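See below for the structure under consideration.
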Protein chains: 2
Amino acid sequence: MIKITTKIRYAIRLLIFLAQHEGEMVFLKDVSEKENISFKYLEQIIPYLKNSGLILSKRGARGGYILAKKPSQITIKEIVQSIEGPIAIVECVASSEYCNRSNNCVPNKLWKKLNEQISDTLETITLEDLMLNRISMEVS
Amino acid sequence: MIKITTKIRYAIRLLIFLAQHEGEMVFLKDVSEKENISFKYLEQIIPYLKNSGLILSKRGARGGYILAKKPSQITIKEIVQSIEGPIAIVECVASSEYCNRSNNCVPNKLWKKLNEQISDTLETITLEDLMLNRISMEVS
DNA sequence: ACTATTCATATGGTTTTAGTAGGAATTGAA
DNA sequence: TTCAATTCCTACTAAAACCATATGAATAGT
């Protein structure tokens, strides 16, 4: 049902790598090799992160990528949203017009609750938290 | 990324319908018509619910379906799991052998946390809660 | 015998996922 | 000025998942 795609997982690993090399320009080739992720696939993920203002790039030889913000200011939610847009586990959670049942739809509230919970969790966790292994397993 | 499939949503609506007609044998045809869900698709969902012991059936004319347990004893988690098996937003959350990185995998903890949170939420909500519209939006 | 229902299984179209591939554009350095 | 290293851009594809539709057999009540 609820699957995290490789795009999102790779994006996070890429960004953690950048966070671990804060201040340096990092070649995608290095990320690909060290993280063992397809270079060409990574290249496809990059534009989302650029467009969302999470990373900056420099072209040409000795180019590379660098975080646009401090790791503490990048939430997992931002990363996810940069790739997949608004978080909506069902369409009717995002757009109320989607389903004519939505007025008296019993399950709707369930999906809304679950959706908010996921969204909230992802928002409270930053790249820095991941980097420092600072994820508590207690439910907030 | 994170989508609730129609199978799950239809299953829940089907079960709510059964809950609303507790004690009676219900025809799938009625569910299909009242809930406006493809009859043939519903038929495909039924076996999962039967195998998990959520519903009972009676064949032949005047047959039908009925809940096998009280609505208060059926959790959403059970319903989801009956259709999709164990809840695992990434494979490495379920089986630790899946990925050789899992020892020192930074994001793993994040997925584990999110997975547990989703799992917990679905477990605390029963069919009865849905039926009585008893879903609080506060994060538990 | 007839009808209404569940049960079993096969088939198919569309979308998403997870890549691969080729080459253009840019830049630094020799 | 040339070369090499890098990002950027776009097209393509195989496989899986999703969302059904279709056909008919088995069963049971009337």
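Everything numeric in this text was worked out from a predicted model, so none of it was measured. In what follows, every chain begins at residue 1, and chains take the letters A, B, ... in the order their sequences are listed.
For B:I45 and C:dC7, the CD1 to C1' distance is 15 Å, given to the nearest whole Å. As rounded to whole Å, 13 Å separates atom C1' of D:dT6 from atom NZ of A:K50. One atom, CZ of A:R9, and another, P of C:dA18, lie 7 Å apart when rounded to the nearest Å. Atoms CZ (A:F39) and C1' (D:dC9) sit 13 Å apart, rounded to a whole Å. In this entry the distance linking CD1 of A:I83 with P of C:dT17 reads 11 Å, nearest Å.
Nearest to the side-chain atoms of B:I46 among the listed nucleotides C:dT17, C:dC7, D:dG29 stands C:dC7. When each of C:dG28, D:dT7, C:dA8 is scored by its nearest atom to the side-chain atoms of B:K40, the top-ranked nucleotide is C:dA8. Among the nucleotides D:dC8, D:dA20, C:dC7, the one closest to the side chain of B:S38 is D:dA20. The nucleotide whose nearest atom lies closest to any side-chain atom of B:K58 is, among D:dG29, D:dA20, C:dC7, D:dG29. Nearest nucleotide to the side chain of A:A61, out of C:dT5, D:dC8, D:dA4: D:dA4. With distances taken from any side-chain atom of B:R59 to the nucleotides D:dC19, D:dC8, C:dT6, the minimum falls on C:dT6. The side chain of B:T5 approaches D:dC19 more closely than any other nucleotide in the set D:dC8, D:dC19, C:dC7.
Residue A:Y41 is in base contact, counting any heavy-atom pair closer than 4.0 Å across all strands shown.
Between A:V106 and B:M131 the shortest side-chain heavy-atom distance does not fall below 4.5 Å. No side-chain heavy atom of B:T126 sits under 4.5 Å from any side-chain heavy atom of B:I74.
Listed pair B:Y65 / C:dT5 fails the phosphate criterion, with no side-chain N or O lying under 4.0 Å from OP1 or OP2. Between C:dA18 and A:T6, a contact under 4.0 Å exists linking OP1 or OP2 to a side-chain N or O. The side chain of B:K7 places no N or O atom within less than 4.0 Å of a non-bridging phosphate oxygen (OP1 or OP2) of D:dA20.
Not a single donor-acceptor contact under 3.5 angstrom links the side-chain atoms of B:Q44 to the base of D:dC19. A donor N or O paired with an acceptor N or O is not found under 3.5 Å between the base of D:dA5 and the side-chain atoms of A:R62.
Enclosure of atom NZ in A:K112 is not indicated, since only 12 or fewer non-hydrogen atoms of other residues, nucleotides or ligands lie within 6.0 angstrom.
B:L18 CG to B:Y65 OH: the interatomic distance, rounded to the nearest 0.5 Å, is 10.0 Å.
Ion pairing between a basic and an acidic side chain is recognised when a charged N comes within 4.0 Å of a carboxylate O; B:K113 and B:E116 show no such pairing.
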